[in-house]
J.: 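Quick one: the structure is below, questions incoming.
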Amino acid sequence: MAPTTRSFSFPRVIIEKDTDSEQSSSEEDDDEEPLHDEDEDEGENGKDSENDGQRIEEESNNKGKAPITISLKKVCKVCKRTGHEAGFKGATYIDCPMKPCFLCKMPGHTTMSCPHRVATEFGVIPASHKNTRNALLYVFERQFKPHIPPIKPAYVIPDQVNCAVIRYHSRRVTCLEFHPTNNRLLLSGDKKGQVGVWDYDKVHEKVVYGNIHSCIVNNMRFSPTNDGMIYAASSDGTISCTDMETGISSSLMNLNPDGWQGPNNWRMLYGMDINPEKHAVFVADNFGFLYLVDTRSNNKSGQAVLIHKKGSKVVGLHSNPLQPDLLLSCGNDHFARIWDIRQLVAGSSLHDLAHRRVVNSAYFSPISGCKILTTAQDNRIRVWDSIFGNLDSPSREIVHSHDFNRHLTPFRAEWDPKDPSESLAVIGRYISENYNGIALHPIDFIDVSTGQLVAEVMDLNITTISPVNKLHPRDDVLASGSSRSLFIWRPKDDHEPTEQKDERKIVICTGTEKKRKHKSKNDGSDDDDSDVDKFTPTLKGKNLKSTKSATKMRNTPRKMKR
DNA sequence: AAAGAATGTGTCC
DNA sequence: TGGACACCCTTCTT
């Protein structure tokens, strides 16, 4: 093993220490030797936490030569420098101070002290409204101006929720869809290609179809003319049309008729939406092309059109709910684009909405179709208040943690289809918070007109991230996909939903409570700790005061412990 | 309990 | 243009 070799390389006795002074870390930054040592002695790495961040290595086998290296240095796993460490301390994640803020991507502070973490509305300024006329106004000419209620109604977000859980997917959940008429049916797709139909009222009633697609189901829609039929777009390059009851499926289009011809030729279908008026399924691939399928003949119609940068993935499509001629697309070329489908030619988009990173989703607002909501991988939710207005820049950018991670389904902010003011959106959160000694990733309800975090929903048992979320079109129900599991959140039967107040709500699910996991020793000195005892009874009773104390806990900046 | 695998996007050359 | 490689809060299995 390494010791023999090393005894020749490092004949001296080296004792490395971390002191609290800045001096020591800067001195040691230039010293490469200890790093080599530590890399080789992998067996010791797991004991970091027991040594409270300090690593001790000894070479006891070298009797004759007696070179002993004792390293008491902390090594940051993020920047590989010494003197500090990044990672979880108990349920609290400590950022690497050498990197820009993980949340807002700005240098000079860490996520802990990021003003956007303390208040999501930080820096959100309503855009001035220039009512410049543009091409979209022309498209909308025959349409009456949509009615938007002048007074914003209260959101219906319950203070107490029940949670139904099911796990029938064998890979992570990638998309969810509620049935258009049956209030209790949820459709789910996963990375393996399976499609599930779940009656969440009778929790155990579910069907899983495993032979419709061979890999990722990226988007699903119900047929507008037949409630029992499901369209799905998959990375296997096909669109399927499936009978929900029987599972009998037909393929509307197959972009890989000759099978696997290498990764450069394999076409995958991502964005998909249905346009009832045009009897069309719009679908787009990973090379930038848009395809049309006529739902009457179930045949591809016309030629594929390049709608995003050639070779880049088009991940989202959305037809305007009021104006069927308008289509919104988004993709990996950092753009969301608005199209008039009557003149679909490469480069003919009505508007290109620029983003700094990949755009995971772009949606017209569900009622008026006038607003646009996008989720991009630069940790920002963007809102355009009116497609009639100035589209050069978004009306608002809300910093929110929903980074890209290759192991997670991309996050998408989704409108609440029931909110007449078209300002409520739901999106899962990537970074965790320390709740009672457990790291949890809440699902955030955000008022996109102000940037305020209206509510955050979580369950002590759901320790995984929930990137996939869908609000019910009629009921006060939220469906979430978290890893391989599905969750349904809804108000407790005996609990009256309260109207929106100024303060944020933390909604803790009580339905599936288990015993808490062990608490980390580091949590004892946190400000959070004082809330722990008050917090716990909340889970059993309906004590709103405790919920408030939880809110306070959330807003208290954490102390970095060293 | 620790290690390994799965595997998308950005950046660099 | 494309290949190599890095990569910050994953999650599950062995």
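In what follows, chains carry the letters A, B, and so on, assigned in the order in which the sequence lines appear, proteins first and then strands, with residues in each chain numbered from 1. Remember, it's a predicted structure, so these values are computed and weren't measured experimentally.
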J.: Can you tell me, in whole Å, how much space there is between the C1' of B/dT9 and that of C/dC12?
T.: 23 Å
J.: Distance between the C1' atoms of C/dC8 and B/dC13, in whole angstroms?
T.: 25 Å
J.: Give me, pair by pair, the N or O atoms of the protein and of nucleotides 12-14 of chain C that are less than 3.5 Å apart, along with how far apart they are.
T.:
from, atom 1, to, atom 2, distance (Å)
C/dC12, OP1, A/Ser483, OG, 2.5
C/dC12, O3', A/Arg484, NH1, 3.0
C/dT13, OP1, A/Arg484, NH1, 3.0

J.: Taking any heavy-atom pair under 4.0 Å as a contact, classify A/Ile465: base, sugar-phosphate, or nothing.
T.: sugar-phosphate
J.: Angle class for the A/Phe88/A/Tyr93 ring planes (parallel below 30°, perpendicular above 60°, tilted otherwise)?
T.: perpendicular
J.: For A/Cys96 and A/Asn264, take the nucleotide of DNA chain C holding the closest heavy atom to each; which residue's nucleotide lies nearer the 5' end?
T.: A/Asn264
J.: Which whole-number value in Å describes the distance from A/Arg81 CZ to C/dC8 P?
T.: 14 Å
J.: Using a 4.0 Å heavy-atom cut-off across all strands, classify A/Pro263 as base, sugar-phosphate, or nothing.
T.: nothing
J.: Figure out the CG/P separation between A/Asn379 and C/dC8, and round it to whole Å.
T.: 14 Å
J.: Say whether A/Ser240 and A/His213, considering side chains only, have a donor N or O and an acceptor N or O under 3.5 Å apart.
T.: yes
J.: Can you tell me how the ring of A/Tyr200 sits relative to the ring of A/Trp198, calling it parallel under 30°, perpendicular over 60° and tilted otherwise?
T.: perpendicular
J.: Is any side-chain heavy atom of A/Ile94 closer than 4.5 Å to a side-chain heavy atom of A/Met112?
T.: yes
J.: Please give the distance between the C1' atoms of C/dT11 and B/dG10 as a whole number of Å.
T.: 23 Å
J.: Write out a two-atom table: protein N or O, nucleotide N or O from nucleotides 8-11 of chain B, distance below 3.5 Å.
T.:
from, atom 1, to, atom 2, distance (Å)
B/dG8, O6, A/Arg406, NH1, 2.6
B/dT9, OP1, A/Asn332, ND2, 3.2
B/dT9, OP2, A/Lys313, NZ, 3.0
B/dT9, OP2, A/Asn332, ND2, 3.3
B/dT11, OP1, A/Arg357, NH2, 3.3

J.: Indicate whether any N or O donor in one side chain lies under 3.5 Å from an N or O acceptor in the other, for A/Trp339 and A/Ser329.
T.: yes
J.: Please report, rounded to the nearest Å, how far the P atom of C/dG2 is from the CZ atom of A/Phe287.
T.: 11 Å
J.: Between C/dT11, C/dC8, C/dC9, spot the one nearest the side chain of A/Thr111, thanks.
T.: C/dC9
